[in-house]
Amino acid sequence: MRDIPGAWRRTAAGAGLIGADGSTHPTIFAEMSALAAETGAINLGQGFPDEDGPAEVLEAARAAIAAGANQYPPGRGIRDLLEAVAEHQARFYGLHPDPAREVLVTAGATEALAATLLALVDGPEDEVVVFEPYYDSYAAVAALAGARLVTVPLRWPDFQPDLDELRRAVGDRTRAILVNDPHNPTGAVFSAEVRDEIVRLAERHDAVIVTDEVYEHLVFDGPHVPIATLPGAWDRTLTISSGGKTFSTTGWKIGWVSGPADLVDAVLAVKQFLTYVNGSAFQPAIAVGLRLGDGFFRGIADTLRAKRDLLGDGLRSAGFEVSTPAGSYFTVADARALGATDAGEFCRDLPRRAGVVAIPLTAFATPGRRSEYATLVRFAACKRADVLAEAAARLAAARDGEINPPGA
Ligand code: PMP
Ligand code: GLN
């Protein structure tokens with residue numbers, strides 16, 4: 001008889017998802033949120049807001065349930081949301097995807113990323129280029145797809161890639177260049193030079209550009225520039241986003257992909273066997289959100305910019321060195337001056353020592369590069385202002401009371 005659990009274990013081990021000792025690990029976000037719950041610490045780890053998003057969007061979901069939108073939606077997504085995504089791309093970026101053929105609704109950006117890489121990667125010769133530190137699902141999905149992950153480092157404090165290192169990473173084996181802009185975990189927004197070079201390299205090596213733009217509306221020096229808008233880019237770019245961050249509905253998992261029809265069809269071919277469909281009542285609600293007025297979109301960026309500043313000032317007062325993010329939920333701080341030598345240990349200890357949870361940047365890096373991020377910690381700014389102020393006060397008190405920097 002076939003040993004199904006054993007087969008599963010071999011497959012997952014091959015993809016690097018379970019350790020040599022057979023251990024499985026929750027994601028760093030799940031681990032740190034559990035630690036926050038256990039210790040009662042303020043959770044500036046996992047990136048989710050602690051306030052509800054726009055009332056119109058929440059109400060639209062309730063209304064959709066009441067109106068009976070409770071069965072499978074169409075495979076590509078409901079027409080209203082496909083059209084709302086197309087309108088959104090036209091309104092903000094001057095892109096004009098055909099809603100019937102060039103847009104696909106997915107179960108969050110996470111499924112869009114997974115289906116895209118599974119669709120594009122043929123075998124172990126194929127390479128996927130990512131910027132490191134990277135969102136954790138990128139390496140996991142590249143491994144599940146059987147591709148080789150090639151990373152381009154982003155370095156403290158501005159986290160812009162070096163163009164020569166980028167050029168060296170992309171070659172004829174590159175199947176996809178995966179670009180997360182604005183970037184998690186660093187908060188970097190890539191420069192025009194970097195974006196142009198990505199397009200040039202993709203053209204030269206016939207690679208597909210896959211963008212993860214879930215923080216597209218959370219930019220502080222705006223406007224956001226999708227790579228798909230650059231000359232020559234549209235035909236080889238799949239643009240991914242989702243409603244989670246923009247509308248503070250991270251639990252709804254409504255995402256989308258747009259791009260040329262043949263590439264979108266390839267993603268659909270995989271997606272239909274992952275979730276098939278999801279979120280029948282949430283899809284019309286996200287369509288309402290995407291059509292909200294300009295004031296809403298300006299408002300969320302302004303609010304988060306103010307929170308970024310509050311968090312940055314608080315972290316500085318507590319003794320951290322702080323990088324200034326240009327977008328996203330996140331701020332990276334260097335805890336070296338507080339005696340940190342291992343960000344993982346520092347973050348596992350922080351809830352008990354200071355009553356605050358944060359995420360070590362090493363969790364977003366390949367083992368060989370972790371030392372470059374050994375003292376860097378990611379804090380989420382997407383929390384109420386009073387929560388950020390309390391977290392900063394706790395960190396400052398812990399430094400004054402308990403943390404003894406080496407040599408002090
Ligand atoms: N990409 C990045 C960069 C993220 O930070 C996240 C976390 N929200 C996701 C993708 C996943 O998005 P979703 O919740 O829509 O699946
Ligand atoms: N995107 C969120 C973050 O970076 C976490 C999502 C998750 O828990 N997988 O914090």
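Read the numbers this way: they start at 1 and go in the same order the structure lists the ligands and their atoms.
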Just distances here: any N/O of T250 and N/O of ligand 1 closer than 3.5 Å?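 For ligand 1, there is no N or O atom that lies under 3.5 Å from one belonging to T250.
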What do you reckon, does Y138 have a nitrogen or oxygen under 3.5 Å from a nitrogen or oxygen of ligand 1?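 No, there is no polar N/O contact under 3.5 Å.
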Would you tell me whether [X] and [Y] have side-chain atoms, one donor and one acceptor, within less than 3.5 Å of each other?
{"X": "E216", "Y": "Y93", "answer": "yes"}
{"X": "N43", "Y": "S33", "answer": "yes"}
{"X": "E132", "Y": "T151", "answer": "yes"}

Is [X] touching ligand 1 with its side chain, its backbone, both, or neither, if touching means heavy atoms under 4.0 Å apart?
{"X": "K245", "answer": "side chain"}
{"X": "E111", "answer": "neither"}
{"X": "A109", "answer": "both"}

Salt-bridged, [X] to [Y], with N to O below 4.0 Å?
{"X": "R155", "Y": "E372", "result": "yes"}
{"X": "R370", "Y": "D342", "result": "no"}
{"X": "D221", "Y": "R305", "result": "no"}

Please list, in number order, the atoms of ligand 2 under 4.0 Å from a heavy atom of K245.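 With K245 as reference, the close atoms of ligand 2 come out as 1 (N).
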Any idea which atoms of ligand 2 are less than 4.0 Å away from a heavy-atom of F330?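 Contacts of ligand 2 toward F330, numbered from 1: 3 (C), 4 (O), 10 (O).
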Taking only heavy atoms of Y215 into account, list the atoms of ligand 1 that are under 4.0 Å away from them.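 Close to Y215: 3 (C), 4 (C), 5 (O).
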Distance under 4.0 Å to a non-hydrogen atom of N180: what atoms of ligand 1 satisfy this?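 Those of ligand 1 that fall under 4.0 Å from N180 are 3 (C).
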If the contact criterion is a heavy-atom separation under 4.0 Å, does Y329 count as touching ligand 2?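 Y329 does not count as a contact of ligand 2 under the 4.0 Å cut-off.
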Run the contact test for E31 against ligand 2 with a 4.0 Å cut-off on heavy atoms, strictly below, and give the result.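 No, that is not the case, since the closest heavy atom of the residue is not under 4.0 Å from the ligand.
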Looking at F190, is R195 sitting on its ring face, NZ or CZ under 6.0 Å from the six-membered ring centre and within 45 degrees of the normal?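 No, a cation-pi geometry is absent between R195 and F190.
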Charged tip of K383 within 45° of F48 ring normal and under 6.0 Å: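 Satisfied, under 6.0 Å and within 45°.
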Can you tell which part of T27 has a heavy atom less than 4.0 Å from ligand 2: side chain, backbone, both or neither?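 The answer is neither; T27 stays 4.0 Å or more away.
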With backbone taken as N, CA, C and O and side chain as the heavy atoms from C-beta onward, which portion of Y135 lies under 4.0 Å from ligand 2: side chain, backbone, both, or neither?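 For Y135, the contact with ligand 2 is made by the side chain alone.
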